[in-house]
There are 2 protein chains.
Amino acid sequence: MGTDTHISEHRAADHLISVFEAQIRSGALAEGDMLPPEREIVQTYGVSRTVVREAVLALSNKGLVQARPRHRPVVVKPGYDTALNVVQSIVGQLLDQPGGIRNLFDLRIMMEAALVREAALKATKEDIQRLKTALMANEAATGNSEAFFRTDTAFHGVLFEIPNNPVLPFIHRAYTTWLAPQWTQMPREPQRNQRNFQAHKRVYEAILHRDPDLAEKELRAHLAAAWDQVCITFEGL
Amino acid sequence: MGTDTHISEHRAADHLISVFEAQIRSGALAEGDMLPPEREIVQTYGVSRTVVREAVLALSNKGLVQARPRHRPVVVKPGYDTALNVVQSIVGQLLDQPGGIRNLFDLRIMMEAALVREAALKATKEDIQRLKTALMANEAATGNSEAFFRTDTAFHGVLFEIPNNPVLPFIHRAYTTWLAPQWTQMPREPQRNQRNFQAHKRVYEAILHRDPDLAEKELRAHLAAAWDQVCITFEGL
DNA sequence: GAACATTTTTTGTCATACCAAAACCGATCA
DNA sequence: TGATCGGTTTTGGTATGACAAAAAATGTTC
């Protein structure tokens, strides 16, 4: 019931954390800056090194600073790049849930179906040109499974870029960085690559003809086939 | 495994972290169990309390244990609930980006447009009944802005439940828990509530008539109006 | 001015100590 | 018997000091 957030009680580190977080967000600590040495923070804020280290560690885990061992922590502006790491760990957790793979895959289908609809309705000439370029690269790579995988994700990536919403490429990156390790070890015969390319081509042509229903249909068929591949590869369903 | 940043150099805490993480995932440490006392871990693994505390803190930040001050950390199985907190912080970061509000709102429009399409095509009788119940509660609350907000999100929540994908309600919760604080302080005259309810009703009826195109159109109109409200409330665009 | 050797910082880790809150336990009392 | 109350033990939060090793800063030599 009680959705936690009982931050009621106070640890000394929490204060330090919020102080630095504010300094980072306000720009007092710019990106690339280094945090002061631990002993200096100790003197400045009158706390023990224990607390300082705890606070810095928390900032590091929050992604606000990047702390390599034996190096001073470096400030990183919170943004899409820093968020990516966290999202990836989230995706990992979601995948561990029962049916996680299927659920995330379904979600991807839903999102990408919506994407091709939008693309069919609102893609600019430049968008379509980029799609075509990606498609041609995809075709050229049907013989090389490794290269085909790259051009495959690139083609889908263009779809995520069309709505001009930076959150979408972000999601795509989070998804593919999970996918990549699993996908690459799947057997990919050239004939299957050829079939996938043809599917991409049909989606592209539906977008070209400004037919959202057809684009969605082709996209869903393509991803359903991809899911079958996944199923065959990982017996676990 | 090392989904994290750089596995380059070794901190002593990293070992402990992976040990406990393995124990949690394998079930050796079940949900609700408490981690051993720090001093016991010290003796077991032959490291200092500094390292133990650092490891526990990291586990806590990872969401694998829930550590209230002065209490023993309690093991939590990674799942949707634990992931929620992290996602909320991510959403916060994304909102801080330039145009973040607009981008996330657009994303929501896109997702929910896809949702009502699916609902119009595949909603069961039970789904439609739940939608109707939520709609009626919504209508009954047009006079009370606070209650209307609750029934409003509940109605949209039902939409996220229809595809039977637990990730979708998860996303909805992450979205609304951000939205709630901002939304509630918006002025909501009953007349505006009435208009929002009518919009909900039109979406519902489109789903009832199995008309995905109309459902999407009504949903987009509804959310576009909602965005105008947001714009009016927060000058910052 | 560049390559090398040396000194100083700074982090990572350990050990110890103390306080206060929590948990534990036994005695008391209804 | 069972609940309550008080004190004792455990345990987490913090402080302090120390040391090794790596990094950074400095100086030295060619």
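Letters A, B, ... are given to chains in the order of the sequence lines, protein chains preceding strands, and every chain is numbered from 1.
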Atom pair distance, as rounded to whole Å: CG in B:Leu16 and P in C:dG12
16 Å

Give the rounded distance in Å between these two atoms: CZ of A:Arg68 and P of C:dT10.
17 Å

For B:Asn103, does its backbone N or O pair with a side-chain atom of A:Asn165 as donor and acceptor, under 3.5 Å?
yes

With a non-hydrogen cut-off below 4.0 angstrom, is B:Arg49 in contact with a base, only sugar-phosphate, or nothing?
base

Given atom CG of B:Leu35 and atom P of D:dG13, what is their separation to the nearest angstrom?
12 Å

Report the distance from atom CZ of A:Arg72 to atom C1' of D:dA24, rounded to the nearest whole Å.
10 Å

Among C:dG12, D:dT14, C:dC14, find the nucleotide with the atom closest to the side chain of A:Ser48.
D:dT14

Closest approach to the side chain of B:Glu38, judged atom by atom: which nucleotide of D:dT14, C:dG12, D:dG12 is it?
D:dG12

How many whole angstroms separate atom CE of A:Met34 from atom C1' of D:dA23?
11 Å

Ion pair A:Lys77/B:Asp96, N-O distance below 4.0 Å
no

Of the nucleotides D:dA23, C:dA20, D:dT14, which one has an atom closest to the side chain of B:Arg70?
C:dA20

Any side-chain donor paired with an acceptor under 3.5 Å for A:Asn193 and A:Thr142?
no

Integer-rounded Å distance: C:dT13 P and B:Glu54 CD
6 Å

Using the ring of A:Trp227 (Phe, Tyr or Trp, six-membered ring only), decide whether A:Arg108 places NZ or CZ under 6.0 Å from its centre and within 45 degrees of its axis.
no

Regarding B:His200 and B:His222, is there a side-chain donor-to-acceptor distance under 3.5 Å anywhere?
yes

Using the side-chain heavy atoms of B:Pro37, tell me which of these nucleotides is nearest: D:dA21, C:dC14, D:dG12.
D:dG12

Would you indicate which nucleotide in D:dT16, C:dT13, C:dA22 comes nearest to any side-chain atom of B:His71?
C:dA22

Using a heavy-atom cut-off of 4.0 Å across all strands, would you classify B:Arg39 as base, sugar-phosphate, or nothing?
base

Over how many whole Å does the gap from B:Ile41 atom CD1 to C:dC14 atom P extend?
14 Å

A:Arg53 has its side chain closest, among C:dT13, D:dG13, D:dT11, to C:dT13

